[in-house]
Amino acid sequence: MYATMKVNSMMNNLQLAQLFRDIAAVYEIKGENRFRIIAYQRAADSIEHLTSEAKDYWDDGKINEIPGIGPTIASHLDELFRTGHAKHFEKTLAQVPSSIFPLLLVPGIGPKRAYSLVTELSLLKEKSVIDDLLQKAVLHKVAELPGFGEKSEEEIIKNIKTYQKGSIKEVRITLAEADEIANHLKEYLLKNKTVKRVDVLGSLRRRVATIGDIDLAIIADDTNQAIDHFCHYRNEKIIERGPTGASILLTNGRQVDMRVQDRASYGAMLQYFTGSKNHNIRLRTYALTKHKSLSEYGIKTIKGTKETIKKFATEEDFYHDLGMDWIPPELREDRGEIEAAMTHQIPNLVQKTNILGDFHIHTNYNLEPSHDLGTNSLEEILDTAEAMEYEYVGISDHNPSTGNHTEKQIIEILKKRKSYYEQHFYSWKKKNKKNIHIFIMLEIDILPNGKLAIPTKAFEYIDAAIISVHSSFQQTRGDMTNRIKSALICHPKIKILGHPTGRLLGKREGYEVDWPEIFDLCAKQNIAIEINAHPYRLDLPDALVQTAKKNKVLFAINTDSHDKESMNFMSYGVDVARRGWLTKDDIINTMQYNKLREWLMGK
DNA sequence: GCCGTTTTCGGCCCGACTGTTTTCAGTCG
């Protein structure tokens, strides 16, 4: 890896995280103090989850604000960003053959085994080390090594082959896809009479934007039979199986971990298996100060040499025993929720039923737009909104393309569109006798120069605007920040900043922006930030939602629907909002119509 | 190497599973 990825001053967070993991691996091989190893692993986790580049922290002189980065690592990073070199990192990595690093990506191979394999079998070519190891294993050279045997050899062959098929763990899926898989599994498991209850836990229960593995816990009358039933679900292979659970690999590359627990201890299991890892570590560390040790079986109290274990049927009781309020799964990321739970300051999170409308819907009305049209008519959208018990919807088509129209034509098109929507809305309303309201809005492109894609006069024909970036994603952080800032102050009818980071999960990273600057301006201008609920966007990301809230910004949860079915994605946006600690009062589309109209249009 | 709702020193989450071993090391979540 270090043949292609050199240590340098341009490293992004993912590369830095990888670097720290590799350093930790070297320390592990060298038998370093295990807490130093853990420190590097935690630094890696921390950097990976940052919402801004570590380099930007450094630029702002805030490198020591990154959790898990103390004086030592900070000084190495300082050297790295300043000079492009970090002698300590380079020296550490050079202590082992670089060919061990690719091997760490193969499941079941950790630092120690990678090191033995590489040195004992002289596998020194970094580029081909995985293929070379496979060859040696096939020739039964691995089983001869000390600490390895025939079974490990077979396991290595199997794991390399699975890995080469398409790095399983690298690809995460969207929440929507994971929901579908999990629901199918749940239905299957409940078909077995011995299975009494199934819960989807892990990142899926926490409603994380993308999902790696799927975690399930069950209550069953006959544990063995239940595990058996689970292992018969259509799978590629059974990864492991024990008396308390099993893991399988699905044919679509997803790993599913299932655990069985008694009713009496089920609360502890729900807590343990929901995670996150960082939440659990923080919770257990805190518990230790109270002489309590937490596990999936319950809470052990240590008094001298005497240990007693207390079981918990519900998660609420588990948290209460630790002297804190129950914590909603969406908050369990070690972002301050434990402290809040101890002082009874867990916010009353927004719920799907609080949502009274959706501002970002595209219809099939053809205004010769800059981007794609919707597929449904205004009437079909209204029918759907009505069925969802909304009070109002905002129709936000893309602006007419600037390349094909003069300013005059754009004004004409929008004028025509306004009267079209008004007429159609009133006849729909008359026919259906429903008390729903519409806002005739527009999603306007923020051009690369920070101007908007419609002339000022055209604003006369819309009630309010969403503005979004749809081009030139590669601008520098400074340029992008200025671009958005100047667009935000173009016109008083600008009320929402659409899909703010532009990310497409699994396809495109969001662009770099100085978020505090944007948030401050939005708060000042009373512009809401969109939480785009489309499962491929979930943009603004939850961690930034939490930051923005601290900057006193308001939010709009929108589906960006291009068809009526997508309007149901609203719940995914609510998931993001909850993960960002939002209450009903932080979100404009929880307001009732009159109040909302006042906010949106000032009348 | 990090960090503080008992600590600026002395701690650092907890357990399952597998394989190669006869009591444990490595890996994983």
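So you know, we letter chains A, B, ... as the sequences are listed, proteins then strands, and number each from 1.
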Note to self: Heavy atoms only, 4.0 Å cut-off, all strands: where does A:Arg241 land among base, sugar-phosphate and nothing?
What the structure shows: sugar-phosphate

Next item on the list: Give the rounded distance in Å between these two atoms: CG of A:Asn278 and C1' of B:dC14.
Entry: 15 Å

Next item on the list: Using the C1' atom on both, measure B:dG15 against B:dG10 and round to a whole Å.
Entry: 25 Å

Notebook entry, point to check: At under 4.0 Å between heavy atoms, what does A:Arg34 touch on the DNA or RNA strands: base, sugar-phosphate, or nothing?
Noted result: nothing

Check: If you measure from the C1' atom in B:dG29 to the same atom in B:dC13, how many Å do you get, rounded?
Finding: 12 Å

Check: Does A:Asp257 come within less than 4.0 Å of A:Arg259, counting only side-chain N to carboxylate O?
Finding: no

Note to self: What's A:Glu339 touching, base or sugar-phosphate or nothing? Going by heavy atoms closer than 4.0 Å.
What the structure shows: nothing

Note to self: Is the ring pair A:Phe312/A:Phe318 parallel, tilted or perpendicular, if the boundaries are 30 and 60 degrees?
What the structure shows: perpendicular

Notebook entry, point to check: Atom CG of A:Asn64 to atom P of B:dG1: distance rounded to whole Å?
Noted result: 17 Å

Item checked: Rounded distance in Å - CD1 (A:Ile281) to C1' (B:dC2) -> 13 Å

Notebook entry, point to check: If only side-chain N and O atoms of A:Lys277 are considered, is one of them under 4.0 Å from the OP1 or OP2 phosphate oxygen of B:dG29?
Noted result: no

Notebook entry, point to check: When rounded to the nearest Å, what value does the distance between C1' atoms of B:dT18 and B:dT22 take?
Noted result: 16 Å

Item checked: Toward the 5' end of DNA chain B, by each residue's nearest nucleotide, A:Tyr286 or A:Val106 -> A:Tyr286

Margin query: What's A:Glu28 touching, base or sugar-phosphate or nothing? Going by heavy atoms closer than 4.0 Å.
Written below: nothing

Check: Is any side-chain N or O of A:Ser293 closer than 4.0 Å to OP1 or OP2 of B:dC14?
Finding: yes

Margin query: Taking B:dT7 as the reference, what is the distance to B:dG11 when you measure between their C1' atoms (whole Å, please)?
Written below: 8 Å

Notebook entry, point to check: Which nucleotide sits closest to the side chain of A:Glu296: B:dC13, B:dG19, B:dG15?
Noted result: B:dG15

Note to self: Taking any heavy-atom pair under 4.0 Å as a contact, classify A:Ile69: base, sugar-phosphate, or nothing.
What the structure shows: sugar-phosphate

Next item on the list: Output yes when A:Glu155 and A:Arg113 qualify as a salt bridge under the 4.0 Å nitrogen-oxygen rule, no when they do not.
Entry: no

Margin query: As a test of reading the structure: which of B:dG1, B:dG29, B:dC17 is closest to the side chain of A:Pro243, going by heavy atoms?
Written below: B:dC17

Notebook entry, point to check: Using a cut-off of 4.0 Å on non-hydrogen atoms, how would the nucleic acid contact of A:Thr72 be classed: base, sugar-phosphate, or nothing?
Noted result: sugar-phosphate

Margin query: My understanding is that a pair needs two contacts under 3.5 Å, Watson-Crick or G-U wobble. By that rule, which nucleotide pairs with B:dT8?
Written below: none

Next item on the list: Classify the angle between the aromatic ring planes of A:His279 and A:Tyr319 as parallel (below 30°), tilted (30 to 60°) or perpendicular (above 60°).
Entry: tilted

Item checked: Ring centres under 6.0 angstrom apart (A:Phe20, A:Phe89) -> yes

Checklist line | Among B:dT6, B:dG29, B:dC12, the one nearest A:Phe35 by side-chain distance | finding: B:dC12

Next item on the list: Taking atom NZ of A:Lys311 as the centre, report whether more than 12 heavy atoms of other residues, nucleotides or ligands fall under 6.0 Å from it.
Entry: no

Note to self: With a 4.5 Å cut-off on side-chain heavy atoms, are A:Leu77 and A:Trp58 touching?
What the structure shows: no

Next item on the list: Indicate, with a heavy-atom threshold strictly under 4.0 Å, whether A:Ser247 touches base, sugar-phosphate, or nothing.
Entry: nothing

Item checked: Side chain of A:Arg259 (C-beta onward), nearest among B:dA16, B:dC14, B:dT5 -> B:dA16

Notebook entry, point to check: How far, in whole Å, is B:dC9 from B:dC14 if one measures between their C1' atoms?
Noted result: 25 Å

Check: Between A:Arg282 and A:Glu339, does at least one N-O distance fall below 4.0 Å, as a salt bridge requires?
Finding: yes

Note to self: Rounded to whole Å, how long is the line connecting atom NZ of A:Lys292 with atom C1' of B:dT6?
What the structure shows: 16 Å

Notebook entry, point to check: Base, sugar-phosphate, or nothing for A:Tyr40, non-hydrogen atoms under 4.0 angstrom?
Noted result: sugar-phosphate

Notebook entry, point to check: Which part of the nucleic acid, if any, lies within reach of A:Leu294 when heavy atoms closer than 4.0 Å are counted: base, sugar-phosphate only, or nothing?
Noted result: sugar-phosphate

Item checked: Between B:dT27 and B:dT21 - P atom distance, rounded Å -> 15 Å

Check: Any side-chain N or O of A:Thr244 under 4.0 Å from OP1/OP2 of B:dC17?
Finding: yes

Checklist line | Side chain of A:Thr285 (C-beta onward), nearest among B:dT6, B:dC13, B:dG1 | finding: B:dC13

Note to self: From the set B:dT6, B:dG29, B:dT18, return the single nucleotide nearest to any side-chain atom of A:Tyr272.
What the structure shows: B:dG29

Next item on the list: Round to the nearest Å and state the distance from A:Arg21 atom CZ to B:dG1 atom P.
Entry: 18 Å

Checklist line | OP1 or OP2 of B:dT5 under 4.0 Å from side-chain N/O of A:Thr289 | finding: no

Item checked: Atom-to-atom span, CD1 of A:Ile239 to P of B:dT27 - whole angstrom -> 17 Å

Margin query: Could you tell me how far apart A:Ile66 (CD1) and B:dC2 (C1') are, to the nearest whole angstrom?
Written below: 14 Å

Margin query: Expressed as a whole number of angstroms, how long is the span from A:Ile156:CD1 to B:dT20:C1'?
Written below: 13 Å

Check: From the list B:dG19, B:dA16, B:dG29, which nucleotide is the closest neighbour of the side chain of A:Tyr297?
Finding: B:dA16

Next item on the list: Scan A:Leu288 against the nucleic acid and name what it touches under 4.0 Å (heavy atoms): base, sugar-phosphate only, or nothing.
Entry: sugar-phosphate

Check: Given the C1' atoms of B:dC12 and B:dT6, what is the spacing between them in whole Å?
Finding: 16 Å

Item checked: Nearest to side-chain heavy atoms of A:Asp213, which nucleotide of B:dC14, B:dA16, B:dG29 -> B:dG29

Next item on the list: With DNA chain B as reference, determine whether A:Lys151 or A:Leu104 sits nearer its 5' end, using the nearest nucleotide of each.
Entry: A:Lys151

Check: Nearest to the side chain of A:Lys112, which nucleotide is it out of B:dT20, B:dT27, B:dG1?
Finding: B:dT27

Next item on the list: Could you tell me whether the phosphate oxygens of B:dG1, OP1 or OP2, come under 4.0 Å of any side-chain nitrogen or oxygen in A:Arg36?
Entry: yes

Notebook entry, point to check: Taking the side chain of A:Lys300 as heavy atoms from C-beta outward, which of B:dC12, B:dC2, B:dG15 is closest to it?
Noted result: B:dG15

Note to self: Could you check whether any side-chain heavy atom of A:Leu104 comes within less than 4.5 Å of a side-chain heavy atom of A:Pro111, counting everything from C-beta outward?
What the structure shows: yes

Next item on the list: Verify the contact: side-chain N or O of A:Tyr27 to OP1 or OP2 of B:dG1, cut-off strictly under 4.0 Å; return yes or no.
Entry: yes

